Amino acid sequence: MSGGHAYRDDQMESGSRITESNKRKERHRDKVHKHKDHKKDKEREKSKHINSHHRDSEKKHRDKEKESWKHIDGSVERHKDREKRKEEKSKWFGADCKQERENGFPSPPHIKHEFDNNDFYHTPKHGKPVKRGNSDEESEYKIKRIKVESVKKGIKRKQKEEYDEGEDAEEEEEEDQKHKKKCKDKKTGDIAGKKKVKKEPEEKWKWWEEERYTDGSKWRFLEHKGPVFAPAYEPLPEHVHFYYEGKMSNLSPPAEEVATFFSKMLDHEYTTKDIFRKNFFKDWRKEMTSEEKSKITDLKKCDFSEMSQYFKAQSEARKQMTKEEKLKIKEENERILEEYGFCVMDNHKERIGNFRIEPPGLFRGRGDHPKMGMLKRRIRPEDVIINCSKDSKHPKPPPGTRWKEVRHDNKVTWLASWTENIQGSIKYIMLNPSSRIKGEKDWQKYETARRLKKCVDHIRAQYRDDWKSKEMRIRQRAVALYFIDKLALRAGNEKEEGETADTVGCCSLRVEHIKLYPELDGQDFVVEFDFLGKDSIRYYNKIPVEKRVFKNLQLFLENKQAEDDLFDRLNTSILNKHLQELMDGLTAKVFRTYNASITLQQQLKVLTSPDENVPAKVLSYNRANRAVAILCNHQRAPPKTFEKSMQSLQSKIDAKKQQLFAAKKELKVAKSESKSLHDEKSRKVVETKRKAVQRIEEQLMKLEVQATDREENKQIALGTSKLNYLDPRISVAWCKKWSIPVEKIYNKTQREKFAWAIDMADEDFEF
DNA sequence: GTAGCGACTTAGTAGCTCATGA
DNA sequence: TCATGAGCTACTAAGTCGCTAC
């Protein structure tokens, strides 16, 4: 890794989402001259040569890799299997429909038995031992498997640990009993099945051992129940009022609904912001009757406090609900999850990520978003496009409504979509990260990053060479790439002005975002970055760069105003096109993935010491993770209760220290007693006291480690890098190498997402 | 080449849940 | 049993990037 990725404590100190008005002058976005000499420009022969040479080796590698994919692809076999599946499907369609009702999905025939490898999803590695009885029993068992899986994935997700076998046997039995009631016959079969479920751990579908589609399609069969819509607006009770100029006023239901959105946010900083208030008021007025419009003309004269109090009381009442009431709500949510939270994709029941349509409300843009406070309108079935397979049972729209469209596009992964009214962008209903479709993509992402590892030295050599190019566009590209590589900056697409907050990435950096220091704090050629990145999170960093980079930056800044683009002859499209030429599938964001993962791997090697115990090793892991989070600038607002929780942890530590002191004293006394008495009883007392001291020391150490970890994590978010940038196989390999339970670093959801890595990585895995 | 769109990933946080300790 | 707070999940905004039409 060139240059290394320096930790930036100063950045963390000052880093925060910037909300101050970062107004800038009308930006000079005119890039008339940008790339005007592009056609005339030709790549230097040398660079061409390097490129072509590199491309050759890349291609070889690519072909090799494609081959390896092909190996598990087996497209010919897939074709055969498809035929087979057709037959099976028609056979199933003729089958009785009882099962439809029983498992809650209308087309169980398509749900693949987890043991069945006789389908177009062919499992080459392990022919699973399947006990097959007569056909009746088999179909019975199929239903059972599906039910058990759904119960585990859905209702019991939170209570059950996937590696815990025996613990939840009672609950499992209960669920099994429920299921037994649903299945209408064959007592013997049920009992046999029940025993089986109790004894065998859940069989997870190992999609990573199966074929992938190579024709660009994402699925063959897709069936789901459609999205869940936001509940209809419930008007306020009679005694809750809105006041205008101190006078009670009744609002029409549409106006009242929008008013409730504002009143619910009254305690939030948003409602103090001018843009928010202005946008809200403008959109609110659109919902008013003409009478209301003429009456309510000034937001300052509006009093929402009674409404606000009502919602607070409601929220409080929810908290005070009895156990039974809470349980009832929980059960209802579980029922909805069970009904709408899953789909059937290519014979497997898969969890949907977000099956609820976003409810109406006020838009909460981040940073200085010009559209904050605008009304996010209610989405109706008529706005929603459903995507499913032709041969599936299509989801039904709510009574009296219709879908905007039902389409059957298997080149995409979404199940439903609609266009939101704030930015006009499309929103999707997609699968959960634990699904095959997301997992495959994730795995592929890390494989691309690993390919970059093989050619990164060459790419670095080339961009260093390009710093000397005669062409400005090439120099700019090379310097930008250096920043993306060294500092893990995002690509930085251009954004439509006035539509979103003013944030930038590498390619869209402006002159005002950097400062050059020929010498600073004893270091030469320092560049200071200060800009708002994604989500308006501040990026602040002072970094010494190579002389040539520094000189180039000086050149790029010549004759430019603060609001001008630093890289005026570069955009993400040009950069990615160039990267694509260097390596197939290479884009700017691959560098982030690569540098994050390689940093984790290196840091784990450096920080893990073999003699440490498990908590200390986990602390080392978190520190390695933290190094990546700092590199990627993943910040968070310090938790509101941070100081308090640190204080309470510190008092626990103090108490433990006192306890240890006392225990040591007792041990000393016991030792001297034992010395004088020389009997078995006193020796036993010494042993007990010694063990007590040891136990307390361990407890103290755990607390201290916890405190260190928490303190270091104050403003850093580890989750984002863990979920999106760190190849999970590195973490799994580390766990295996040091015998750390994987549960120590991944929670249940994360283990589900990374099931592929947990299964496939051994301790020797190298990124 | 570029603007716009569509599909997807990446991102921080509000609010809920559940474990823990008094 | 209850209060508290840490951890987790759901939510949805905000990015990236490829494709298409002009």
Side-chain angles (χ1 to χ4, degrees), chain A residues 17 31-32 34-36 38-39 157-159 218 265 268 315 318-319 323 326 329-330 333 337 341 352-359 361 363-367 369 371-372 376 385 387 409 411-414 417 419-420 422-428 430-433 437-438 441-442 445 490-496 499-501 503-508 532-537 571-577 579-580 585-590 592-593 596 629 632-637 639-642 644-646 648-649 652 706 710 713 717-721 723-725 747-750:
Chain A
R17 178 171 294 147
K31 291 188 181 179
V32 179
K34 197 172 179 178
H35 325 303
K36 70 178 178 184
H38 178 76
K39 282 178 190 169
R157 239 166 45 84
K158 283 167 193 165
Q159 296 112 6
K218 305 289 166 58
M265 291 179 74
H268 205 288
S315 151
R318 263 198 303 277
K319 282 180 200 159
K323 262 188 184 171
K326 281 181 182 168
I329 291 171
K330 199 178 166 191
N333 284 335
L337 173 72
I352 298 170
N354 57 325
F355 56 88
R356 290 175 198 273
I357 298 268
E358 292 173 22
F363 177 70
R364 302 178 178 210
R366 294 170 192 164
H369 201 294
K371 294 189 172 182
M372 63 165 74
K376 246 177 77 165
I385 301 172
N387 195 30
D409 182 358
K411 295 277 190 283
V412 297
T413 65
W414 52 267
S417 73
T419 304
E420 54 91 29
I422 305 289
Q423 333 241 32
S425 66
I426 305 169
K427 300 269 189 166
Y428 302 94
M430 287 187 185
L431 294 193
N432 186 273
I437 220 156
K438 294 286 182 188
K441 209 67 191 299
D442 216 29
K445 173 181 78 184
R490 293 188 187 84
N493 280 326
E494 281 172 74
K495 298 165 77 186
E496 218 177 312
E499 291 293 300
T500 55
T503 61
V504 296
C506 187
C507 294
S508 50
L532 299 184
K534 184 177 179 179
D535 292 325
S536 293
I537 297 289
N571 60 34
T572 53
S573 161
I574 293 169
L575 180 66
N576 282 336
K577 225 174 195 173
L579 293 175
Q580 190 63 38
L586 183 61
T587 63
K589 104 185 162 86
V590 178
R592 242 166 113 79
T593 313
C632 294
N633 201 36
H634 291 145
Q635 299 185 39
R636 64 168 186 168
K640 284 168 194 160
T641 54
F642 184 80
K644 204 179 160 192
S645 85
M646 279 309 286
S648 84
L649 194 54
K652 272 184 197 171
Q706 202 184 343
R710 197 177 291 173
N713 255 1
L718 298 188
T720 308
S721 48
L723 282 175
N724 301 300
Y725 289 104
N747 66 30
K748 177 117 167 67
T749 313
Q750 291 163 342

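The structure displayed is predicted, hence computed values, not measured ones. First the proteins, then the strands, lettered A, B, ... as listed; each starts at 1.
- Mapping T413(A) and S721(A) onto DNA chain B by nearest heavy atom places T413(A) at the nucleotide closer to the 5' end.
- Rounded to an integer number of Å, the gap from CG of L723(A) to P of dT13(B) is 15 Å.
- Side-chain atoms of S508(A) and K495(A) include no donor-acceptor pair closer than 3.5 Å.
- Spacing between atom NE2 of H268(A) and atom C1' of dG12(B) amounts to 12 Å, rounded to whole angstrom units.
- The T503(A) side chain lies nearest to dG15(C) when the options are dT12(C), dG15(C), dT9(C).
- Taking side-chain N and O atoms only, H369(A) has no distance below 4.0 Å to OP1 or OP2 of dA13(C).
- Residue G533(A) is classed as a sugar-phosphate contact, given heavy-atom separations below 4.0 Å to backbone atoms only.
- The side chain of Q635(A) places no N or O atom within less than 4.0 Å of a non-bridging phosphate oxygen (OP1 or OP2) of dG12(B).
- Here A501(A) lies out of heavy-atom contact (under 4.0 Å) with every strand.
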Given E358(A) and K427(A), is the side chain to side chain contact (heavy atoms under 4.5 Å, CB included) satisfied, shown in steps? CA-CA 9 Å; E358(A) 292 173 22; K427(A) 300 269 189 166; 3.3 Å; yes
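- Remark on DNA chain B: of its neighbouring residues R318(A) and K411(A), the 5'-side contact belongs to K411(A), judged by nearest-heavy-atom nucleotide.
- Protein atom CZ of R364(A) is 8 Å distant from nucleotide atom P of dA14(B), rounded to whole Å.
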Any chance you could lay out the side chain to side chain contact (heavy atoms under 4.5 Å, CB included) test for I385(A) and W414(A), step after step, and finish with the verdict?
-> CA-CA 10 Å; I385(A) 301 172; W414(A) 52 267; 3.9 Å; yes
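- In this structure, CD1 of I574(A) is placed 14 Å from P of dG18(C), rounded to the nearest angstrom.
- Put simply, N493(A) has no side-chain N or O that comes within less than 4.0 Å of OP1 or OP2 on dG15(C).
- Phosphate proximity of dC16(B) to K326(A): absent, as no side-chain N or O sits under 4.0 Å from OP1 or OP2.
- Residue N576(A) has a polar side-chain atom (N or O) positioned under 4.0 Å from OP1 or OP2 of dC17(C).
- For R356(A) and dC11(C), the shortest distance from a side-chain N or O to OP1 or OP2 is below 4.0 Å.
- Applying the 4.0 Å criterion to OP1 and OP2 of dT9(B), one finds that K445(A) has every side-chain N and O outside that range.
- Nucleic acid contact class of P359(A) (heavy atoms, under 4.0 Å, all strands): sugar-phosphate only.
- Take T593(A) and apply the side chain to side chain donor-acceptor pair (under 3.5 Å) test, not counting sequence neighbours, and it matches no residue.
- For dA11(B), one of the phosphate oxygens OP1 or OP2 lies less than 4.0 angstrom from a side-chain nitrogen or oxygen of Y725(A).
- In terms of position along DNA chain C, the nucleotide closest to E358(A) lies nearer the 5' end than the nucleotide closest to the other residue of the pair R490(A) and E358(A).
- The shortest distance between the side-chain N/O atoms of T720(A) and the OP1/OP2 oxygens of dG12(B) is below 4.0 Å.
- Remark: C1' of dT12(C) and CE of M372(A) are 15 Å apart, rounded to the nearest angstrom.
- The 12-atom threshold is not exceeded at NZ of K577(A), counting heavy atoms of other residues, nucleotides or ligands nearer than 6.0 Å.
- Within the nucleic acid shown, G365(A) comes within 4.0 Å of sugar-phosphate atoms alone, with no base atom in reach, counting heavy atoms only.
- Closest to the side chain of K218(A), from the set dA13(C), dC8(B), dT9(B), is dC8(B).
- Note on G492(A): only backbone sugar-phosphate atoms sit closer than 4.0 angstrom, heavy atoms only; bases stay farther off.
- Closest to the side chain of I426(A), from the set dG6(B), dG18(C), dA14(C), is dG6(B).
- Side-chain nitrogen and oxygen atoms of K376(A) include at least one within less than 4.0 Å of the OP1 or OP2 phosphate oxygen of dA13(C).
- Of the listed nucleotides (dT9(C), dG12(B), dG6(B)), dG12(B) has the atom at the smallest distance from the side chain of I537(A).
- The phosphate of dC8(B) has neither OP1 nor OP2 within less than 4.0 Å of any side-chain N or O from K441(A).
- A pairwise comparison of heavy atoms in L575(A) and A588(A) identifies CD2-CB, 4.3 Å as the closest pair.
- In the interface, the side chain of K534(A) is paired with the base of dT10(B) through a donor and an acceptor atom under 3.5 Å apart.
- When rounded to the nearest whole Å, the span between CG of D409(A) and P of dC19(C) equals 15 Å.
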### Query
Can you list the steps and then say if K589(A) with R490(A) is a side chain to side chain contact (heavy atoms under 4.5 Å, CB included)?
CA-CA 7 Å; K589(A) 104 185 162 86; R490(A) 293 188 187 84; over 6 Å; no
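- Here R592(A) reaches the OP1 or OP2 of dA11(B): one of its side-chain N or O atoms lies under 4.0 Å away.
- The side chain of D535(A) approaches dA11(B) more closely than any other nucleotide in the set dG15(C), dC8(C), dA11(B).
- Of the two residues near DNA chain C, N747(A) and K589(A), the one whose nearest nucleotide lies more 5' is N747(A).
- Aromatic ring pairs are classed by plane angle as parallel below 30°, tilted from 30° to 60° and perpendicular above 60°; the pair F363(A) and H369(A) is perpendicular.
- Side-chain nitrogen and oxygen atoms of K427(A) include none within less than 4.0 Å of the OP1 or OP2 phosphate oxygen of dA7(B).
- A straight line from CD of E496(A) to P of dT2(B) spans 16 Å, rounded to a whole angstrom.
- Contact annotation: T587(A) side-chain N/O to dT16(C) OP1/OP2 distance is not under 4.0 Å.
- Between the CG atom of L718(A) and the C1' atom of dA6(C) there is a distance of 14 Å, rounded to whole Å.
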